[in-house]
2 protein chains.
Amino acid sequence: MAVTLADVARAAEVSTSTVSRALTQPERVDERTRARILDTARRLGYRPNRAARSLITGRTGNLGVIVPDLTNPFFPDVVAGIQARAHQRALTTLLADTGDDPDAERDLIATLAPQVDGLVLCGARLPVDDLADAVSGSAVVLVNRSEPGLASVAVDNAGGARQAVEHLHALGHRRIGLVAGPATSHSARERSDGARRAAAALGVDLVEVGTVAPTFDGGRGVADAVLRADVSAVVAYNDAITIGLLHRLHGYGVRIPAELSVVGFDDIQIAQMAHPPLTTVRFPRREAGRLAVDRLLDLLAGERDPGDEPEPLPTELVVRASTAVHRSRTT
Amino acid sequence: MAVTLADVARAAEVSTSTVSRALTQPERVDERTRARILDTARRLGYRPNRAARSLITGRTGNLGVIVPDLTNPFFPDVVAGIQARAHQRALTTLLADTGDDPDAERDLIATLAPQVDGLVLCGARLPVDDLADAVSGSAVVLVNRSEPGLASVAVDNAGGARQAVEHLHALGHRRIGLVAGPATSHSARERSDGARRAAAALGVDLVEVGTVAPTFDGGRGVADAVLRADVSAVVAYNDAITIGLLHRLHGYGVRIPAELSVVGFDDIQIAQMAHPPLTTVRFPRREAGRLAVDRLLDLLAGERDPGDEPEPLPTELVVRASTAVHRSRTT
DNA sequence: GTGAAAGCGCTAACAG
DNA sequence: CTGTTAGCGCTTTCAC
């Protein structure tokens, strides 16, 4: 069997309470006894039993993370940020993915909540009422979605979309296509709105080409509509769509960026591997993850209300080769 | 406070043991009492306290998964397979990634092991002795690595490499480059060996072009060496390398597959999005994940020894556009 | 500063 | 088939 507190206590010739204290509240134990205890604990290879500990304290030392889809390269980066910070804070990360299914999301919240001290929900798809219902009683932080009364890490999606439109405008584009993401997605709406506002402000024609799944296939499927829209540039909801679009257009023999400029969103790894490398908006995924953990810890410590929202994290346009000065009409 | 067993027992007018039994060994309780208990439990919103339960049973209901790097698209698919099966078996998945750092791997094994019923180690990088040491006392299954005495899910890496070489041979290639993966990687060695044996058997010249990191950048860096090797085809350790290679060669104006045929390994999602779409060897990632859970459950049930190894999972060549009949010398 | 004692919520003998 | 009785390993009053 494993070494228990009692074993250490016996070996160090003190009571179990003293050993317990030496481990969790070192300042409340005499320095010399503490040294002796810590030493024997190490010698015996003592490892506290988390189950027993949390049975009393109610704390688990675990942090739950729920993402819609790990095979979407967006999320592993967020998770990496979360894990890094969680690890620093001596928290173990418990990760689950919902497979993009809101019902699974609800189930997983229910399953995970009792096993963790707090929950980070990335790209939660659940309607706000269901969400509020599911997380009631748990410390929760939303990433890339904000709802009144729930803590969140917001990212400046609208600002990113604005930068994309401004960039294209600066390059001389005056008629720009918008490929929007799913209407159910919070960030999709923010990005579309941001693009619309920027276009209006600059006097640019924004043609709404369509609404598609945020995937490679979604992008391929919308290529025809993009061509039909007769635009000189396109901004899309995310990089996956953009790469699918590029792929299909490539098949049609459309030269990018000579004949069409294209801007993605997220700056996932593949964005730089595309032909041509994608101009896109960097989404601070790791930072968002780290911040989510900090926010959660504040919440647990009672140091902040779920309500008061900090500034959204900035997004940043990364210019690569998929955008160019608008010439197709002038040549 | 939360509803406890005792609350349910009181409300249903039975003892706590009966409630406990009704929940965990339903057949040992009278059908009618059981119905009543289950009913009141539901009505009261009873949720068993896992900490208390596992304090006694020693079981946690958790399954630990350790991967080297979630941002490598290979692993999320394995994890998806694991999660799917684990969920069916009412196990929660606890996931951690090591960031490709063997020390972190050791730490994580130590941290996770006491919180889970069993551990699935994907692409473990730890030397065999350290590994055996770290996992002693835990139920463990290795994915894509096998070590004597440890249970594992093996995949036929050598067979995949053989198929790749045979394919190129069939297309007329007689001088083929091999870009190997890191020497520390078990599967990298298996793939290289498989390719060598196949080449020898077919009388094909296999030119060892180099050993690189299994990444996009690794592939880019090896492009010059590939050209210098004067081969008509290349097989690489994995798709990431292959895509990097393609990318750089593209920049050089080398036409693929007209001037050089290229075969990857893994069939990650991006493989079909590459220009041209990659001929590659499909690695059954989800299947491997599912099987790992089954294996682990067998282990826990004492139904199989860690020693007896089942057949490795088959790999399968997927032919796409990055390979073609060898003409560059004949035209 | 340290020890004794009382549980946390649950399961597992053991009787009945 | 059901209840009683002991704890699992740990933390936390409360005395000393």
Side-chain angles (χ1 to χ4, degrees), chain A residues 1-42 44-62 90 92 111 113-117 137, chain B residues 1-41 44-62 90 92 111 113-117 137 300:
Chain A
M1 277 309 286
V3 183
T4 73
L5 245 200
D7 296 329
V8 179
R10 209 172 303 121
E13 299 180 302
V14 288
S15 74
T16 57
S17 359
T18 306
V19 178
S20 174
R21 256 175 247 133
L23 261 31
T24 54
Q25 321 172 47
E27 71 285 358
R28 301 177 56 93
V29 172
D30 181 86
E31 193 176 333
R32 309 232 305 286
T33 19
R34 190 200 329 156
R36 179 158 43 98
I37 292 172
L38 262 38
D39 194 61
T40 44
R42 199 172 308 114
L44 264 44
Y46 169 72
R47 321 258 337 165
N49 179 324
R50 281 176 163 248
R53 180 175 280 179
S54 73
L55 183 53
I56 295 221
T57 60
R59 285 265 180 135
T60 61
N62 291 330
T92 306
T111 311
Q115 306 190 61
V116 300
D117 297 336
Chain B
M1 277 309 284
V3 184
T4 73
L5 246 200
D7 296 330
V8 179
R10 209 171 304 121
E13 300 180 300
V14 289
S15 72
T16 58
S17 5
T18 307
V19 178
S20 173
R21 257 175 248 135
L23 261 31
T24 54
Q25 322 172 49
E27 70 286 357
R28 299 175 56 94
V29 171
D30 181 87
E31 192 175 334
R32 308 229 306 285
T33 21
R34 192 203 323 158
R36 179 159 42 96
I37 292 172
L38 262 38
D39 195 60
T40 45
L44 265 44
Y46 169 72
R47 321 259 337 166
N49 179 322
R50 281 177 165 247
R53 181 176 279 177
S54 73
L55 182 54
I56 294 225
T57 61
R59 286 263 180 134
T60 61
N62 292 143
T92 307
T111 312
Q115 306 190 59
V116 301
D117 297 335
L300 290 171

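Convention: sequence-line order gives letters A, B, ...; per-chain numbering from 1.
Partners of A:S20 according to the side-chain hydrogen bond (donor to acceptor under 3.5 Å, both in side chains) rule, which considers only residues two or more places apart in sequence or in another chain, do not exist here.
Taking only side-chain nitrogens and oxygens, B:R28 never comes nearer than 4.0 Å to OP1 or OP2 of D:dC1. Neither OP1 nor OP2 of C:dC10 sits under 4.0 Å from any side-chain N or O of B:S20. Of the side-chain N and O atoms in A:S15, one or more sit less than 4.0 angstrom from OP1 or OP2 of C:dG3.
Within the 4.0 angstrom heavy-atom criterion, only backbone atoms of the sugar-phosphate kind lie near A:T4; the bases stay farther away. Counting non-hydrogen atoms under 4.0 angstrom, B:S54 reaches nothing in the nucleic acid.
Side-chain atoms of A:R21 come within donor-acceptor range of the base of C:dG3, with a qualifying N/O pair under 3.5 Å. The base of D:dT4 sits with one of its N or O atoms less than 3.5 Å from a complementary donor or acceptor on the side chain of B:S17.
Comparing A:I56 and B:V14 by the nucleotide of DNA chain D whose heavy atom lies nearest to each, the residue mapping closer to the 5' end is B:V14. Taking for each of A:T33 and A:L55 the nucleotide of DNA chain C with the nearest heavy atom, the 5'-most of the two is the partner of A:T33.
What separates OH of B:Y46 from C1' of C:dT11 is a distance of 10 Å, to the nearest Å. Atom pair A:N49:CG and C:dC8:P shows a separation of 18 Å (rounding to whole Å applied). Atom CZ of A:R50 and atom C1' of D:dC8 are 18 Å apart (whole Å). Rounded to whole Å, the distance from CD on A:E31 to C1' on C:dG1 is 13 Å. Atom-to-atom, CZ of A:R59 to P of D:dT12 comes out at 12 Å; the value is rounded to the nearest Å. Atom pair B:R47:CZ and C:dC8:P shows a separation of 21 Å (rounding to whole Å applied). Rounded to a whole Å, the CZ atom of B:R53 is 22 Å from the P atom of D:dG7. Note: CD (A:E13) to P (C:dT2) measures 14 Å, nearest angstrom.
At least one donor-acceptor pair under 3.5 Å links the side chain of A:R36 to the backbone N or O of A:A12.
Taking the side chain as every heavy atom from C-beta outward, B:R50 and A:T60 never approach each other to under 4.5 Å.
With A:V8 as the fixed residue, the side-chain contact (heavy atoms from CB on, under 4.5 Å) test singles out one of A:V19, A:L23, A:T18: A:V19.
A salt bridge between A:R10 and A:D7 is present, with a side-chain N of the basic residue lying under 4.0 Å from a carboxylate O of the acidic one.
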